[in-house]
> 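I am attaching a structure below and will ask some questions about it afterwards.
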Amino acid sequence: MYISGIICIFKIGTKCKINMSLDVKTPRNVYLSAFYKRSFAYYTVHVRLPVIITQLIDTLVRNKEEIKNLKGEESSEDLKKIIGEISKLKYEIQTNKPLSKLKSNDVDIHFYNEYIDKQASEDGHTTYFNTIWLLTECYMYRRIKNIFSEFNTMKDFDYFSYSKRDSYNKALPMITQMGRYLLKIENDSNNVEDTFKALLKLNLWGNKCDLSLSLGKVDGPSNVFDTHLLDEYLLSDDSDNIWLTINKTTNNDIVDFVFDNAGYELFTDFCIADYIVKQNLAKKVRFYVKTTPWFISDVMEHDVFWTLDELIRNPDESLKTLGSRWKEYISTGKWEIVKSNFWTLPFEFKFMRDVDPSLYKKLSKAKIIFFKGDLNYRKLFGEINWDPVTTVDEGLQGFHPSRLCTLRTVKADIVVGLKPGVAEELEKKDPKWMESGDFGLIQFSNKIVEL
Ligand SMILES: O=P(O)(O)OC[C@@]1(O)O[C@H](CO)[C@@H](O)[C@@H]1O
Ligand SMILES: [Mn+2]
């Protein structure tokens, strides 16, 4: 691994390419990659990504009549071609073919294509198993989007919306419980700090429910409401500093959330954002959403509106109240949805300053930024197999637009900011502890570096 310009490059010799992957664990301080056979990255590229593609095809086939009604007669033929193209992509992954250049006029495409070129090894290729995991995985989702975009009838279709809606519906009992709880506590101004911290934990554990880790399997969340039962799984808890930051009145009276998953997690995001504005901890909350269907369950703008409409349609009075209130927050600008395609580039956040300085500047206007979930964590810390005691600030490698917080359940083998011995202890008990989503982190960085 070395740095060239702004881009980090994963380099391995051509000899290794023939073997596809080496039967070793990821060495310390290098990029995660499917090149290392005893890694979650390898398992993901080898097993999980092909399964995710198969399930997407199943969903499309199962819903083909509905899609035809929605997108018109012509879309049926297009859908068949799309399925053919997606199947080809699966084959390419399984046989470790080079990542082909993306063909499209979309503004983000050249970033992908240049990055793929920069990663090429001596034989001129960048292949699925022999490059940075983040690139392989992001590329797969971006390529799927590109396949749909080539067909006029389907270019705006969110092919993951079926799964996202299912996950919301399955989570309804928890959502209802959470909604009632929020309405009960919101007027108690005596315990704002404790309540905020409780909401923070509820929010963290909401990240257990993503559809990428569960391979698209939609289960209702369990146990996440009894957060005290989960305390022993909380490996870092920087809630005190987060509270001190958010409770301070500053010129920057904005709080930012970089969203992760739709469904239960999104509902918990709305709950804490509601509490923040209700308790005057900020005048405005901004939500950053994806512009491309991403890692199955990630929130796009339409998911926000669909969720709010569903809440309003729900017979439960608490959910109706919250749904209407939140829609009003959006129409009055108390809450703002911000779209940016930076989040669906294959880049770690340390590149944001150079790749999208306006986004860096925008984030710097917030008094605190909440980064939700595992993928954001991978991008925050550069997807490197850090020594787990590396400090959060070191791991951020210069990405300090404002004070920030990560709320992440551990679903990939990267972690920083742990106390000495913690990772080793967990490793002894369960070598796969970083892949389960059972452990959580609430971490914080106080550092700010202006553009
Ligand atoms: O970002 P999220 O929704 O918390 O998790 C995304 C995820 O499920 O997908 C990736 C593997 O495919 C991992 O980073 C992680 O396990
Ligand atoms: Mn996600």
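Atoms within a ligand are numbered from 1 in the order they appear, just like the ligands themselves.
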> Only heavy atoms of L375, strictly under 4.0 Å: list the atoms of ligand 1 that pass.
1 (O), 2 (P)
> With a 6.0 Å cut-off on ring centres, are F349 and W343 close enough?
yes
> Report yes if some N/O of G373 lies less than 3.5 Å from some N/O of ligand 1; otherwise report no.
no
> Are any of the N/O atoms on T44, whether in the backbone or the side chain, positioned under 3.5 angstrom from an N/O atom of ligand 1?
no
> Taking 4.0 angstrom as the limit and counting only heavy atoms of N207, give me the atoms of ligand 1 inside it, by number and element.
4 (O)
> Decide side-chain hydrogen bond (donor to acceptor under 3.5 Å, both in side chains) for D237 and S239; before the verdict, give the C-alpha distance in whole Å, the side-chain angles of both, and the deciding distance to 0.1 Å.
CA-CA 6 Å; D237 184 3; S239 311; 2.3 Å; yes
> Would you kindly specify which portion of Y377 sits under 4.0 Å from ligand 1, judged on non-hydrogen atoms: side chain, backbone, both or neither?
neither
> Just to be sure I read this right, does ligand 1 sit under 4.0 Å from the backbone of N261, its side chain, both, or neither, counting only heavy atoms?
side chain
> Say you draw a straight line from CG of L49 to CE of M140; how long is it, rounded to the nearest 0.5 Å?
4.5 Å
> Using a cut-off of strictly less than 2.8 Å, determine whether S297 has an N/O/S atom near the Mn ion (ligand 2).
no
> Any donor-acceptor pair under 3.5 Å linking the side-chain atoms of Y139 with those of S100?
yes
> Would you mind reporting whether I254 and E336 have side-chain heavy atoms less than 4.5 Å apart?
no
> Pick one of side chain, backbone, both or neither for how R378 approaches ligand 1, counting any non-hydrogen atom pair under 4.0 Å.
side chain
> Under the criterion side-chain hydrogen bond (donor to acceptor under 3.5 Å, both in side chains), which of K379, R408, K411 is the partner of D374?
R408
> When you measure from the side chain of S21 to the backbone of A34, do you find a donor-acceptor pair of N or O atoms at a distance under 3.5 Å?
yes
> Hey, which N, O or S atom on D260 ends up closest to the Mn ion (ligand 2)?
OD1
> Backbone or side chain, does any N or O of D260 fall under 3.5 Å from an N or O of ligand 1?
yes
> Test side-chain hydrogen bond (donor to acceptor under 3.5 Å, both in side chains) on E435 and Y43 and set out the steps.
CA-CA 10 Å; E435 300 166 20; Y43 175 68; over 6 Å; no
> For ligand 1, which is the ligand I care about here, please tell me if R48 has any N or O atom under 3.5 Å from one of the ligand's N or O atoms.
yes
> May I ask you to check whether W133 has an N/O atom sitting below 3.5 Å from an N/O atom of ligand 1?
no
> Which atom pair, heavy atoms only, marks the closest approach of E265 to G206?
CB-O, 3.5 Å
> Write the atom name of the N, O or S atom in D298 that is nearest the Mn ion (ligand 2).
OD1
> In ligand 1, which numbered atoms sit nearer than 4.0 Å to a non-hydrogen atom of E137?
10 (C), 11 (C), 12 (O)
